[in-house]
Amino acid sequence: MQRRVASGSSEQWVQCQKCKKILFKPDFERALRVCIHCGHHHRLRARERIAITLDPDTFVEQDAELRSDDPLRFPDYPDKLMRAQQTTGEFEAVITGTGKLGGSEVVIGVMDFAFMGGSMGSVVGEKIMRCFLRGADEYLPVILFCASGGARMQEGMLSLMQMAKTTAGVEKLQRAGLPYLAVFTDPTMAGVLASFASLADVIIAEPGALVGFAGQRVAAQASSGKPPTNFQTAEFQTEHGMVDLIVPRAQIRPTLLYLLEMFGGAG
Amino acid sequence: MQRRVASGSSEQWVQCQKCKKILFKPDFERALRVCIHCGHHHRLRARERIAITLDPDTFVEQDAELRSDDPLRFPDYPDKLMRAQQTTGEFEAVITGTGKLGGSEVVIGVMDFAFMGGSMGSVVGEKIMRCFLRGADEYLPVILFCASGGARMQEGMLSLMQMAKTTAGVEKLQRAGLPYLAVFTDPTMAGVLASFASLADVIIAEPGALVGFAGQRVAAQASSGKPPTNFQTAEFQTEHGMVDLIVPRAQIRPTLLYLLEMFGGAG
Amino acid sequence: MTIFDFEKPINELESAIQELRQLSAEKGLDRSREIAELETQRERLLKQIFAHLRPWDKVLLARHPKRPYTMDYIRLMCEQFVELHGDRLGFDDPAIVGGLAKLGGYKLVVVGQQKGRDLKERQKRNFAMAKPEGYRKAMRLFQLAEKFRLPVLTLVDTPAADPGVESESRGISEAIARSMLTMFQLTVPTVAVVIGEGGSGGAIALAVANRVLMLEHAIYSVIPPEGCAAIIWRDASRAPEAADALQLTADDALRLGLIDMVISEPLGAAHRDPQTTALSLRSAILQQFHELSALTPEQLYQHRHERFRRMGTFLSTP
Amino acid sequence: MTIFDFEKPINELESAIQELRQLSAEKGLDRSREIAELETQRERLLKQIFAHLRPWDKVLLARHPKRPYTMDYIRLMCEQFVELHGDRLGFDDPAIVGGLAKLGGYKLVVVGQQKGRDLKERQKRNFAMAKPEGYRKAMRLFQLAEKFRLPVLTLVDTPAADPGVESESRGISEAIARSMLTMFQLTVPTVAVVIGEGGSGGAIALAVANRVLMLEHAIYSVIPPEGCAAIIWRDASRAPEAADALQLTADDALRLGLIDMVISEPLGAAHRDPQTTALSLRSAILQQFHELSALTPEQLYQHRHERFRRMGTFLSTP
Ligand SMILES: [Zn+2]
Ligand SMILES: [Zn+2]
């Protein structure tokens with residue numbers, strides 16, 4: 001678990017986004033971008049997550065050829081997509097494929113918040129759907145790391161339908177009796193939380209991750225009382241029965257291994 | 001529905017137990033013992049309930065030969081049983097059998113609060129269990145009118161086990177795909193509410209019936225806040241999602257008919 | 001009654017007709033010729049206006065305070081209906097109603113969001129913004145339908161699921177997700193109709209059906225146009241432009257292949273003639289159930305899955 | 001530590017032994033002969049007292065504040081354990097713990113009521129009086145067990161289900177009933193052990209298993225003896241008599257045919273030697289799962305139903 005996260009920057013010092021303390025970058029990377037002072041889990045890019053999760057060099061990407069269209073001719077959508085592709089080096093907000101975890105084959109999908117806020121349009125929905133279908137067809141467990149602001153506005157109703165479509169995928173995998181584990185990373189919101197994300201057999205969350213349905217301001221406006229201070233954190237969701245366990249980043253891989261072992265064989 | 005309830009008393013006037021108004025007895029009986037002033041539903045005896053529920057002269061009692069034993073040699077239990085039998089004219093706190101409702105055969109069980117507070121010991125549990133098994137075996141819907149203070153203390157653990165036993169009955173009937181309708185009458189409490197009663201496909205309650213888990217004093221003691229004024233009424237339970245619909249006594253038979261029609265055939 | 005800009009001239013004519021009628025009745029004068037003339041004028045005006053509705057007009061019509069709501073349609077369409085309450089988990093959400101209905105020979109489970117007509121009912125119904133318990137009640141009824149092999153009809157009319165702190169704390173996201181999951185599990189015929197506002201997750205939670213229909217002036221959207229405008233232009237007042245961009249009308253949904261049928265509303269929209277609207281709705285629904293009755297339980301399950309499997313528009317690079 | 005009347009002489013001896021030991025260690029004096037003598041005395045006294053425990057003494061032992069609790073046994077018995085939280089409906093009840101455990105080659109779902117050791121934890125755990133959400137978490141874990149074919153172990157230790165207003169308003173009765181129903185639906189092997197207090201509905205909600213065991217000094221009762229005494233004699237202080245009448249000990253349960261086995265506790269009860277108790281518990285549990293592993297899923301389902309079908313004692317008049 002102490003493998004180094006790939007990094008493009010050459011600076012030697014970084015600042016923690018939460019406690020603002022200055023951190024020595026090699027240490028920070030070795031700690032998987034968890035602040036050693038305050039424990040803040042900084043966001044990871046999708047391929048960084050894959051690197052620290054799967055057995056080394058076992059990831060085989062799937063469905064990388066899918067590209068977003070602009071079905072509604074929505075203002076600036078093609079530009080936004082192009083900019084996202086340029087800044088992230090990815091073609092979409094989720095990277096999916098297969099790989100090995102402790103020697104066993106799994107289907108994995110990792111959302112990338114850096115790509116248009118991890119929003120779910122037709123391509124994200126299709127790729128996630130294919131994860132579930134691949135799991136059901138090839139008799140493999142499915143592991144999804146969620147990081148998303150919700151459905152992608154720019155594809156209108158088509159994005160909304162991805163909520164149903166991905167839920168259909170969960171249903172198919174469930175019916176096939178295979179395990180589905182979800183990891184909520186910062187942030188896991190709205191249309192993603194309200195579809196496939198919440199339906200996993202076991203839900204793990206990273207400490208402090210933002211997890212919720214509506215934006216904080218909308219939630220506060222719609223309520224009489226003041227939201228609690230930990231509102232919409234992973235901790236809040238755990239208190240409210242929506243998360244099975246909060247696991248620090250370095251322990252996520254061993255926890256996934258344990259769960260897959262438990263669900264894999266007869267007792 | 002305007003059939004007359006059998007009555008042993010010859011007095012012409014009765015007093016409403018709730019609003020204390022004086023009622024002309026023949027009118028009171030014609031109103032199925034619902035006060036015309038305040039709507040209070042006075043308790044009915046089991047055979048009275050059967051008479052106003054089933055098609056006339058179709059009830060065939062079953063398992064009437066079952067009698068309570070005194071397995072724990074519990075203080076005064078045989079005396080209590082004997083007194084209950086003498087005052088009620090019944091041998092146990094539930095009357096079960098088959099009959100017709102709108103021409104269709106049903107299994108019916110009606111609890112009698114007058115018999116030791118409708119408490120559930122081995123005989124009550126066995127008779128209710130047989131209702132479910134008869135329903136599953138003979139492919140008949142099951143209708144249960146509940147009226148009970150809970151498990152029968154005098155049979156100790158054996159009474160406790162009746163909660164599980166009757167629940168097993170519900171499970172068998174469910175698996176057979178047959179309808180189970182429950183009617184909560186005053187009172188439906190504790191071990192009966194916390195077993196077969198709460199597991200019906202549709203739950204009807206009479207207006208104002210006491211429906212709850214623990215005694216009111218215990219509930220209040222165990223809580224920080226004051227119980228609401230309608231605490232543990234049928235209305236409270238409906239607000240809290242535990243009752244499908246509150247139905248005045250005269251409408252219960254037509255409601256049961258409608259529900260059985262809905263559940264009886266394909267759409 | 002709220003009068004929208006594009007409805008103003010119609011409403012003025014309608015007031016004039018009303019006055020003339022009253023005058024005739026009170027004074028015994030025959031003003032039938034003038035009335036007939038005004039009515040022709042009204043008809044022409046309605047046709048003119050409704051031929052050129054913009055998406056934002058549809059948003060306003062879908063939210064129209066006189067628009068028929070779920071219980072109105074149930075009353076107007078169904079031969080019989082018994083409402084069932086509660087999620088059996090501690091709550092009964094008035095924003096979602098459900099029960100057992102008879103409709104043209106079918107026995108159905110009907111579930112729908114319910115708006116309130118007056119302020120008091122609106123608050124009680126939380127403006128049809130369902131809380132988790134609303135969807136959990138729906139799921140319970142879906143499972144009852146499955147058990148007794150009753151077809152399911154859902155009527156969708158919600159601005160959104162309730163976004164408040166209470167709903168968040170009871171798992172509104174989970175409830176929406178699981179409601180969709182439950183609808184995918186069913187093996188009975190299911191039909192959903194968006195009758196007013198199809199507001200994002202709160203709407204699709206009840207709309208995972210074998211057939212999804214929309215009334216002519218209903219909308220279906222991933223985000224309210226106001227919210228969309230606030231995000232794009234930081235200006236919620238540009239909602240009409242956002243409504244254009246979002247393509248949220250029934251015709252858009254049909255063109256995008258996301259619904260099966262648009263049900264025409266009477267001239268001037270549903271609130272001008274609820275009876276006629278209910279009749280159209282009824283016959284459209286019966287047609288769907290009739291067609292679906294040819295499918296086996298397994299086929300119904302597969303059909304629903306395949307229906308949603310296809311949704312989405314994307315490219316595949318070689 | 002609460003010292004019960006019948007434990008007083010033992011505790012006095014134990015204090016004396018402790019003092020001597022300390023003295024030996026501090027002053028370097030050899031008091032081993034006296035210590036051995038006192039220990040023999042203690043052993044004899046324990047035997048004497050524990051040979052004549054009355055039901056009320058067992059009630060006190062079952063509630064003993066030093067008695068091992070669910071998490072103690074999980075720690076002492078299991079090779080590995082990961083706790084899972086939440087009912088996925090809005091709540092996580094600390095009065096019931098559950099998770100995935102490895103136990104002697106078995107992969108298990110383990111669920112049990114959890115008391116608190118100190119005041120703070122006791123309040124947090126609500127004295128192991130579970131609310132509806134506790135049973136709903138349990139049901140979710142039972143269904144997880146069914147899906148992945150994991151045997152289920154439950155550890156029962158509760159004075160009662162929570163009787164408060166909040167629990168009533170969220171359907172504590174329904175939750176207890178449905179927990180039993182869910183356990184009846186399972187087709188995996190299930191074993192329940194009453195490790196302390198088996199308090200009425202709150203206990204049986206987790207005890208619908210293929211095998212039900214009790215620790216030697218655990219109790220299982222339809223009503224707390226205090227409540228029973230209050231009803232019969234209007235005097236809660238006559239609880240010891242009520243405890244006699246209720247026949248709530250492990251031996252009673254075995255004699256009445258309601259449990260399958262009584263697991264012996266070390267001399268002086270579980271709290272005097274948690275390790276040894278855990279070992280006995282572990283081997284008893286493994287034996288049950290070993291025996292049950294011979295049954296098919298359908299047989300396990302039927303076996304559980306038949307087990308409870310038989311329960312009850314009554315006469316049948318000709
Ligand atoms: Zn920090
Ligand atoms: Zn009265």
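Being a predicted model, the structure only gives us computed values, none of them experimental. Lettering of chains follows the sequences in order, A, B, ..., and the numbering in each one begins at 1.
- Only the side chain of A:Gln232 comes within less than 4.5 Å of a heavy atom in chain C; its backbone stays farther off.
- For the options A:Ala190, A:Gly156, A:Ala168, heavy-atom pairs under 4.5 Å to chain C are most numerous at A:Ala168.
- In terms of heavy atoms, A:Met153 sits closest to C:Leu246 at O-CD2, 3.8 Å.
- Atom OG1 of A:Thr166 is separated from atom CE of C:Met180 by 6.5 Å, given to the nearest 0.5 angstrom.
- Using a 4.5 Å cut-off between heavy atoms, A:Met163 contacts chain C through both its backbone and its side chain.
- When heavy atoms are compared at a cutoff of 4.5 Å, A:Met242 approaches chain C solely by way of its side chain, counted from C-beta outward.
- Between the CG atom in A:Leu199 and the CZ atom in C:Arg178 there is a gap of 5.5 Å [rounded to 0.5 Å].
- One finds a salt bridge joining C:Arg309 and A:Glu126 here, because a Lys/Arg side-chain nitrogen approaches an Asp/Glu carboxylate oxygen to under 4.0 Å.
- Residue A:Ser195 touches chain C through both its backbone and its side chain, counting heavy-atom pairs closer than 4.5 Å.
- The two atoms that bring A:Asp69 and C:Phe314 nearest to each other are CB-CA, 4.0 Å, heavy atoms only.
- For the residue pair C:Val222 and A:Ser159, the shortest heavy atom distance occurs at CG2-CB, 4.2 Å.
- Contact count against chain C (heavy-atom pairs under 4.5 Å) is highest for A:Gly212 among A:Gly212, A:Gly125, A:Gly191, A:Ala151.
- Residue with the most contacts toward chain A among C:Glu174, C:Met183, C:Arg307: C:Glu174 (heavy-atom pairs, distance under 4.5 Å).
- Taking the side chain as every heavy atom from C-beta outward, A:Glu171 and C:Tyr301 approach each other to under 4.5 Å.
- Both the backbone and the side chain of A:Pro227 have a heavy atom closer than 4.5 Å to some heavy atom of chain C.
- Counting all heavy atoms, side chain and backbone alike, C:Val165 lies closest to A:Pro228 at CG1-CD, 4.0 Å.
- Comparing A:Lys165, A:Met157, A:Gln154 by heavy-atom pairs within less than 4.5 Å of chain C, the highest count is held by A:Met157.
- The two residues C:Ile204 and A:Leu160 have their closest heavy-atom pair at CD1-O, 3.5 Å.
- At least one test fails for A:Arg175 against the ring of C:Phe184: distance under 6.0 Å to the centre or angle within 45° of the axis.
- Separation of atoms CZ (A:Phe213) and CG (C:Asp162) is listed at 8.5 Å; rounding is to 0.5 Å.
- With contacts defined as side-chain heavy-atom distances shorter than 4.5 Å, the pair C:Leu256/A:Leu72 qualifies.
- Counting heavy-atom pairs closer than 4.5 Å to chain A, the top residue among C:Glu168, C:Arg310, C:Gln247 is C:Glu168.
- The contact between C:Ala253 and chain A is made by backbone and side chain atoms together, counting heavy-atom distances below 4.5 Å.
- In terms of non-hydrogen atom pairs under 4.5 Å with chain C, the most contact-rich of A:Gln221, A:Met129, A:Glu239 is A:Met129.
- Here the closest heavy-atom approach between residue C:Ile176 and residue A:Ala194 is recorded as CG2-O, 3.6 Å.
- With a threshold of 4.5 angstrom between heavy atoms, A:Gln237 approaches chain C through side-chain atoms but not through N, CA, C or O.
- Of all the listed residues (C:Leu258, C:Val208, C:Ile223, C:Ile172), the one sharing the greatest number of non-hydrogen pairs under 4.5 Å with chain A is C:Leu258.
- Contact annotation for A:Phe231: only side-chain heavy atoms (C-beta onward) come within less than 4.5 Å of a heavy atom of chain C.
- Only the side chain of A:Gln174 has a heavy atom closer than 4.5 Å to any heavy atom of chain C.
- Of all the listed residues (C:Ala160, C:Gly312, C:Pro163), the one sharing the greatest number of non-hydrogen pairs under 4.5 Å with chain A is C:Pro163.
- The shortest distance between side-chain heavy atoms of C:Leu181 and A:Val170 falls below 4.5 Å.
- Considering only heavy-atom pairs separated by less than 4.5 Å from chain C, the leading option among A:Glu155, A:Arg73, A:Lys172 is A:Lys172.
- With rounding to the nearest 0.5 angstrom, the CZ atom of A:Arg67 is 3.5 Å from the OG1 atom of C:Thr317.
- Proximity to chain C is absent for every atom of A:Arg217, based on heavy atoms less than 4.5 angstrom apart.
- A:Phe236 touches chain C through its side chain: at least one heavy atom from C-beta onward sits under 4.5 Å away, while N, CA, C and O do not.
- For C:Glu306, no part sits under 4.5 Å from any heavy atom of chain A, backbone or side chain.
- Of the listed residues (C:Ser221, C:Ala177, C:Cys228, C:Ser179), the one with the most heavy-atom contacts under 4.5 Å to chain A is C:Ala177.
- Contacts of A:Gln162 with chain C are made by side-chain atoms alone, with heavy-atom separations under 4.5 Å and no backbone atom involved.
- Note on A:Gln216, A:Met189, A:Met161, A:Lys226: by heavy-atom pairs under 4.5 Å with chain C, the leading option is A:Met161.
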